[in-house]
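Quick note: residue numbers are just sequence positions, from 1. Quick caveat: nothing in here was measured; it's all calculated off a predicted structure.
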Amino acid sequence: MLQPDPRPTLAAPDDDPYLWLEEIDGSRALAWVEAQNAATLEAYADGRFAADRDGLKAALDRPDKIAGVTRRGGLLYNFWQDAEHPRGLWRRTTLDSYRSPDPAWEVLLDLDALAREENEDWVWAGAISLPPAHERVLLQLSRGGGDATLLREFDLSTRRFVPDGFVLPEGKSYPAWLDPDTVLLASPLGEDMATRSGYARTVRLWRRGSDPMQAPVLFAAGPESMVVYGAPDRGVVPERIVFVERTGFFDAAIHIGDRTGPKTRLDLPTDAEAQWHRGSLAVRPRKPWTVGGTTYAPDTVLGIGLDAFLAGERGFRVLFEPGPRRALQGFFWTGGQLVLSVLDDLQARFPVFTPSDGWRESAVRGLPELGMVQVWSFDSEEEESNGDLLAAANDPVTPATLMLTRPGPASPTVLRQAPALFDADGLVVTRHEAVSVDGERIPYVQAGPPGETGEAPVHLSGYGGFQVSNLAGYSAVIGRLWLAKGGTRVVANIRGGGEFGTRWHEAGRREGKALSHDDFAAVAADLVRRGVTRPQRIAAEGGSNGGLLIANMLTRYPDRFGALLCTIPLIDMRRYHRLLAGASWVAEYGDPDVAQDWAFLQHISAYHVAEAGRPYPPILIATTRRDDRVHPGHARKMAAKLQAMGYAARFYEPEAGGHSYGKNSAETAAFAALGMAFLRRAIGWEPEVAESAA
């Protein structure tokens, strides 16, 4: 009897028989993918799947959903997708019209019409407008939804592409207008212009009518850096340009200069985040920083005048200090004020500081504290901002409300209320804490029917990476395809995220990544301890870095789950840094080419750890072919190895979608409905309730 092929293994990590699956469009690889897709669809794409897919698509396409807006030059811009316009419309209106029940939209670009005319799979990737008129824009269009975009100049007054205008081939480029005839270009396109991560290593001065590949280089970094980019600082005269070299995911060097290149490097630690506006500078270090005779803790926010700082002054004003569970989420400038986003034991707070008034403190008030609460500048350009803010709030059973607000005592004005996309009657939201392997308490939010039956079908999700906070918000997918059918949803706040600041992230980074995964398994165990469910009824899902998490639940904690959904995942930790943007994540995970790093990385490389004869639960591994961030080879190879060892591993890979679940509502709905159908069946849950189309 033939023994299952265990390769690659920890003993021979480079003996990989599935490297051919890394050839994204290779004929052998595509034949394998098509056969896998067919088998998965045949097994799960039944009538219930179709009803879920169609109902979810209808919900995502509802005409009364919130149209998100950004103000540019006094007008409100929106990109809109619905059933009639699956690729989308770029359009604009006035604030007065937007406040009305039925705004009058001026359509600027019909992407569906453009895709038909040019026979291209165009996906909207954004528009960079030139202030103050905002009539010339650099449109960014992606083929199939990848990160790489094509750049084309567009004239809003004529609604046409500019003849002989700025045009750039597909790439991970970062352009910025300097004036109507000059663009500051950071692009990996051209000979020796890309870093190991595939991003730009130079900033070039691109003049109208010239070849961008021959544009003079103003600033350059070595290929080992992650990326460089530049942007104008329009708030000062004479013109000032900011050049940034990100040496790693969490480190950068910031320079100030002009059209001839950088002149002065800001005297800041590379781990510090710095933003300035109208002559005031705010700084947040990631590590302890001793300066001017004072040591500041990580995540402290410091304020000072920019000119004074450049002149050598270091008398900072302390604006924010973190606590064990009081953490900074970010900050931004608007209308001469600094707005902080803070989570205080996962409750949202938004302190505001006015440097022109002695750094006087106020706050954005009148917003919910729990769930997902966000505040951001209404205006796309800092120099045009007047202090108006947009705010949005939602929770697992409450759809989003979009509000217009300002710092101070006034209550926010509701602009839009999203419709309910599933029946949440009787559902409750509660917060709990699990105890991880080292005694750390790990918060999680649970939504679903009240009471503990010991049999609840649980959908458990987590992320735990890159200091991204994973808060429980409203989800049409989980709401319609799980909660509304009687299931329970759980969102885990594991280490590696940013829920409790840099210390929480650091605890789950590099050597601590395995601890982050332990946290997730502890939440699963706590659900059983509390009598909510049993292991065979827990379906866990995660994507990207969360896909790494789910792959490790398969190999490290298989007894705690009934089914696993692993999407757009990172899995092969031996080769991840050689695939697409993988080199940019070495600061998060470690470098497998360094023996000391591989010593801990190997234990979270599920591709190498997986072995025959273990009680692994059913798993569906799904990716997209046009994901140019996390290589689809991760998902392909893991599925192939598991199947070769006799496991019930399913695989699914649609062609388009990029690093997401689809480029439009139809693709998103199909991807999600398939994943939920798999999870429900794998845990033995076949609810009778079917959500009707919205």
Side-chain angles (χ1 to χ4, degrees), residues 24-25 68 70 72 77-81 85-90 108-130 134 136-156 160-162 165-178 183-190 193-195 197-204 206 208 211-213 215 226-231 244 246 380 544 568 580-582 584 624-632 654-664 667-668:
I24 295 175
D25 294 311
T70 298
R72 307 173 192 237
Y77 289 74
N78 161 259
F79 185 73
W80 178 262
Q81 293 175 289
H85 308 95
R87 295 184 185 274
L89 299 173
W90 192 38
L108 304 171
L109 178 69
D110 183 332
L111 197 58
D112 294 270
L114 180 67
R116 287 192 299 269
E117 178 184 338
E118 299 185 345
N119 193 31
E120 289 280 7
D121 187 19
W122 289 134
V123 176
W124 178 261
I128 303 164
S129 58
L130 174 62
H134 297 277
R136 286 292 178 94
V137 298
L138 300 173
L139 287 184
Q140 295 172 295
L141 302 174
S142 162
R143 287 186 175 93
D147 290 347
T149 61
L150 179 138
L151 191 76
R152 297 165 72 176
E153 186 179 1
F154 192 76
D155 189 331
L156 295 187
R160 296 182 182 278
F161 290 105
V162 177
F166 289 105
V167 175
L168 196 68
E170 205 168 26
K172 296 180 181 181
S173 303
Y174 301 94
W177 287 104
L178 289 182
V183 169
L184 200 62
L185 179 62
S187 174
L189 299 175
M193 292 294 180
T195 65
S197 302
Y199 297 109
R201 59 172 292 262
T202 65
V203 177
R204 291 172 266 185
W206 182 17
R208 183 176 296 281
D211 181 355
M213 302 302 124
M226 176 180 163
V227 64
V228 302
Y229 50 89
V244 178
R246 297 213 69 86
S380 66
S544 192
I568 50 176
L580 296 177
S584 64
T624 75
R625 195 167 312 155
R626 294 294 163 245
D627 187 348
D628 55 357
R629 192 181 312 172
V630 178
H631 198 291
E655 181 175 358
H659 193 58
S660 67
Y661 297 165
K663 65 178 184 290
N664 55 45
E667 292 180 1
T668 299

Peer 1: Strictly under 6.0 Å, is that where the ring centroids of Trp177 and Phe166 end up?
Peer 2: yes
Peer 1: With rounding to the nearest 0.5 angstrom, report the CG to CG distance, Leu109 to Leu89.
Peer 2: 8.5 Å
Peer 1: Any side-chain heavy atom of Met193 within less than 4.5 Å of one from Pro188?
Peer 2: no
Peer 1: Between Tyr77, Phe79, Phe154, which is the residue that forms a ring pair (Phe, Tyr, Trp, His ring centres under 6.0 Å) with Trp90?
Peer 2: Tyr77
Peer 1: Please test Ser380 against Arg72 for side chain to side chain donor-acceptor pair (under 3.5 Å), starting from the C-alpha separation and ending with a verdict.
Peer 2: CA-CA 6 Å; Ser380 66; Arg72 307 173 192 237; 4.6 Å; no
Peer 1: Quick one: does Lys663's side chain get under 4.5 Å of Trp124's, heavy atoms only?
Peer 2: no
Peer 1: Flag the pair Phe161 / Leu139 as yes when at least one side-chain heavy-atom distance between them is below 4.5 Å, and no otherwise.
Peer 2: yes
Peer 1: Are there over 12 heavy-atom neighbours, none belonging to Asp25, within less than 6.0 Å of that residue's CG?
Peer 2: yes
Peer 1: Can you check whether Ile24 reaches His631 side chain to side chain, under 4.5 Å on heavy atoms?
Peer 2: yes
Peer 1: How far apart are the closest heavy atoms of Leu580 and Pro632, and which atoms are they?
Peer 2: CD1-CD, 4.5 Å
Peer 1: Restricting to non-hydrogen atoms, name the atom on Ser584 and the atom on Ala581 that form the minimum distance, rounded to 0.1 Å.
Peer 2: OG-O, 2.6 Å
Peer 1: Grab the two heavy atoms, one from Leu184 and one from Ala231, that are nearest each other, plus how far apart they are.
Peer 2: CD2-N, 3.5 Å
Peer 1: Should the pair Asp121-Arg87 be classified as a salt bridge under the 4.0 Å nitrogen-to-oxygen rule?
Peer 2: yes
Peer 1: Under 4.5 Å between any side-chain heavy atoms of Val162 and Arg136, yes or no?
Peer 2: yes
Peer 1: Looking only at heavy atoms, what is the nearest atom pair of Pro212 and Leu185, with distance?
Peer 2: CB-CD2, 4.0 Å
Peer 1: Would you call Tyr174 and Val203 a side-chain contact if the rule is heavy atoms closer than 4.5 Å?
Peer 2: no
Peer 1: If you measure from the Lys or Arg side-chain nitrogens to the Asp or Glu carboxylate oxygens, is any gap between Glu170 and Arg152 under 4.0 Å?
Peer 2: no
Peer 1: Which heavy atom of Pro175 sits nearest a heavy atom of Leu138, and at what distance?
Peer 2: CB-CD1, 3.9 Å
Peer 1: Look at Arg143 together with Asp628 and state whether they make a salt bridge at an N to O cut-off of under 4.0 Å.
Peer 2: no
Peer 1: Between the side chains of Thr195 and Arg201, does any donor sit under 3.5 Å from an acceptor?
Peer 2: no
Peer 1: Working to the nearest 0.5 Å, report the span between CZ of Arg626 and OG of Ser660.
Peer 2: 13.5 Å
Peer 1: Strictly by modelled atom types, are Asp112 and His85 linked by a side-chain donor-acceptor pair under 3.5 Å?
Peer 2: no
Peer 1: Between CG of Leu141 and CG of Leu114, what distance do you get to the nearest 0.5 Å?
Peer 2: 6.5 Å
Peer 1: Once rounded to the nearest 0.5 Å, what's the spacing between atom NZ of Lys172 and atom CG of Leu189?
Peer 2: 11.5 Å
Peer 1: How far apart are the closest heavy atoms of Pro86 and Asn664, and which atoms are they?
Peer 2: O-CB, 3.4 Å
Peer 1: Look up atom OG1 in Thr149 and atom CG in Leu168, then write down how far apart they are to the nearest 0.5 Å.
Peer 2: 8.0 Å
Peer 1: Answer yes or no: is there a side-chain heavy-atom contact under 4.5 Å between Val630 and His659?
Peer 2: yes
Peer 1: Please step through side-chain contact (heavy atoms from CB on, under 4.5 Å) for the pair Trp206 and Asp211, ending with a clear verdict.
Peer 2: CA-CA 8 Å; Trp206 182 17; Asp211 181 355; over 6 Å; no
Peer 1: Any sub-3.5 Å donor-acceptor pair from Ser197's side-chain atoms to Tyr199's backbone N or O?
Peer 2: no
Peer 1: Atom CZ of residue position Arg160 - does it have more than 12 heavy atoms of other residues, nucleotides or ligands inside 6.0 Å?
Peer 2: no
Peer 1: Looking at side-chain heavy atoms only, is the closest gap between Gln140 and Ser173 below 4.5 Å?
Peer 2: no
Peer 1: Can you measure from CD (Glu667) to OG1 (Thr624) and round to the nearest 0.5 angstrom?
Peer 2: 9.0 Å
